[in-house]
Amino acid sequence: MTRERGSKIMEYLHATLFFAMFVPLVYAVPEWSDPGGTGALYLKCLLIAVPIIVTERAAGKVRSVVLYFLISILLLAGMAGATGAAVFLAGGKGVLEGYEICYCVLMLAETFFVIVKRFADRVSAAKRKREEPLAARYVSFLEHPTLSLVWYFVVLYLLGLLLNAQPLCDTAFYSAIAYTFLALFYEYFGATGAYLEMNRRTRGIPRRRLYGVSFSMLLIFAVLLSAGMLPAALLAGQRQYTDIREWFDGVEIMPYEYEADNGFPLPPAGGADWMELLDDGKPAPEPSKIAMAVLWGIGAVCALTFLCGVVMLIRQILRDFRDSSDENGDRIEDIEEDQGLRQRESIAGRRGRRGVDSEAERIRRRYRQMIQKHRKERPAPHESPAEIEENAGLINDEQMQQLHRRYEEVRYGKRKNEEYPANGLHKTGN
């Protein structure tokens, strides 16, 4: 449990550090600076952690699309008030300056992006699970800290050097250091969890010993890495800045001179239609009414097709968002009916044997409903009925055993059920 909470905290910090760099980057272009200093500006940028946490909770727990967007609207209103209060408490004079307006607008834009991204991630995960039931869980970049993303802060650091922006350089430099250790600890939590799950031989070893050995090695590596970063932190005041906007100040722009028309005839002063030019100056013929009707018909069909596609796409998105989790936030999967059974039932109905197959279908439906009631995840294709019932916790249920026998009769027939009884043992002559 502690490992899972630590991983979740690392995911929140990962997204917060990622989005907190946008405001210093935009400030570097017009050479703005916060009166409170770089530290105060960065602390105000860390407010983006609130939308990141709230949207993650809402996307994981809320099932209704309307409720999710209502929470999003309240979150936007809350962020507008929080950013305004942060500007006022930082020494606002009653009239917002340009950099203060930019800060508020950027924070609201980041909040809106996080809201849309969480919604899109949940829909994408549901679509992926529907199309590939055995595929791995969809992981968004908001939930996956990795050392490969350190280049993002390195690029911003170089931009700060080239734009003569010390606040951007400082925030990018220290964010890169913090993100490096964050990604290391996240990798430690993930690797430790995978090791404990994959290696059965380690079950006899106390978890504290495993955590102690692995965490000790991680701390040794972190101390060595900190020692390597220390000279760069001590020499931060010796950076050599430049401004690429001043590189071309002394370059004069050559004026463009139009020399001649190269013998091409010029159009008259009032201009001319291109059809007239192609037809030796004669006016273009008017299209017939039949041609106009055909063109309008084609346009109407294309517009209706586009609208139908948009409506179907929106319906599918809303269905994926609704069906991806239940009220408790757990992922659920619908146990779909056998398509072959539907086809056989339709053929049997046409042949007059509807009553027999309807009874078989009712037994199958009761069996699926019983399994679905006690088991959230989709049964694997290789699982037998006995394994499905065991994983659902119904192996000792008397009602389930009766339903199992009737289900086996429907599935294999009475003769097959006698050879292979409910307990899975083959009858022998003994």
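This chain uses plain numbering: 1 for the first residue, then up along the sequence. Just so it is clear, the model here is predicted, and its values are computed rather than measured.
- In this structure, OG1 on T83 lies 7.0 Å from CE on M107, to the nearest 0.5 angstrom.
- Counting heavy atoms from C-beta outward, D243 and E31 have side chains that approach closer than 4.5 Å.
- To the nearest 0.5 angstrom, N164 atom CG is 8.5 Å from C169 atom SG.
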>> Could you walk me through whether L218 and Y188 satisfy the side chain to side chain contact (heavy atoms under 4.5 Å, CB included) test, starting with their C-alpha distance in whole Å, then the side-chain angles of each, then the deciding distance to 0.1 Å, before giving a yes or no?
In response: CA-CA 8 Å; L218 178 63; Y188 160 74; 3.6 Å; yes

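- Residues satisfying the side-chain hydrogen bond (donor to acceptor under 3.5 Å, both in side chains) criterion with S226, sequence neighbours excluded, are absent altogether.
- Salt-bridge check for E408 with R405: failed, with every basic side-chain N at 4.0 Å or more from each acidic carboxylate O.
- Within a 6.0 Å sphere centred on CZ of F112, other residues, nucleotides and ligands contribute 12 heavy atoms or fewer.
- The residues K117 and E110 are annotated as not salt-bridged, no charged nitrogen and carboxylate oxygen being separated by less than 4.0 angstrom.
- Both tests do not hold together for R118 against Y68: distance to the six-membered ring centre under 6.0 Å, angle to the ring axis within 45°.
- No side-chain heavy atom of P51 sits under 4.5 Å from any side-chain heavy atom of F19.
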>> Apply ring pair (Phe, Tyr, Trp, His ring centres under 6.0 Å) to residues Y179 and Y152 and explain how you reach the verdict.
In response: CA-CA 10 Å; Y179 189 86; Y152 167 74; 8.5 Å; no

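- The structure places CD of Q399 at 7.5 Å from CD of Q402, a figure rounded to the nearest 0.5 Å.
- Summarising the geometry, atom CG belonging to L182 is positioned 13.5 Å from atom OH belonging to Y12; distances are rounded to the nearest 0.5 Å.
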> Going through the checks in order, is the side chain to side chain contact (heavy atoms under 4.5 Å, CB included) test met by F181 and M229?
Replying inline: CA-CA 12 Å; F181 290 102; M229 294 178 176; 4.0 Å; yes

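- Minimum interatomic distance between V54 and I71 (heavy atoms only, all atoms of both residues): CG1-CG2, 4.2 Å.
- With a 6.0 Å radius and a threshold of 12 heavy atoms from other residues, nucleotides or ligands, E187 has its CD atom at or below the threshold.
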>> side chain to side chain contact (heavy atoms under 4.5 Å, CB included), that's the test. Do F119 and T55 meet it? Break it down for me.
In response: CA-CA 9 Å; F119 182 85; T55 53; over 6 Å; no

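- The 12-atom threshold is not exceeded at CZ of R57, counting heavy atoms of other residues, nucleotides or ligands nearer than 6.0 Å.
- Taken from OG1 in T171 to CG in L25, the straight-line distance is 9.0 Å, to the nearest 0.5 Å.
- The ring pair (Phe, Tyr, Trp, His ring centres under 6.0 Å) analysis of residues 30-58, with sequence neighbours excluded, yields the pairs Y27-W32.
- H14 places no side-chain N or O within donor-acceptor distance of the main-chain N or O of T146, the cut-off being under 3.5 Å.
- Once rounded to the nearest 0.5 Å, the distance linking OG1 of T111 with CD1 of I48 reads 4.0 Å.
- Closest approach of S175 and M21 over heavy atoms only: OG-SD, 3.7 Å.
- Summarising the local packing, CZ of F221 is surrounded by 12 or fewer heavy atoms from other residues, nucleotides or ligands at distances under 6.0 Å.
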> Between H144 and Y186, does a side chain to side chain contact (heavy atoms under 4.5 Å, CB included) hold up when you go through it step by step?
Replying inline: CA-CA 9 Å; H144 186 59; Y186 184 81; 4.1 Å; yes

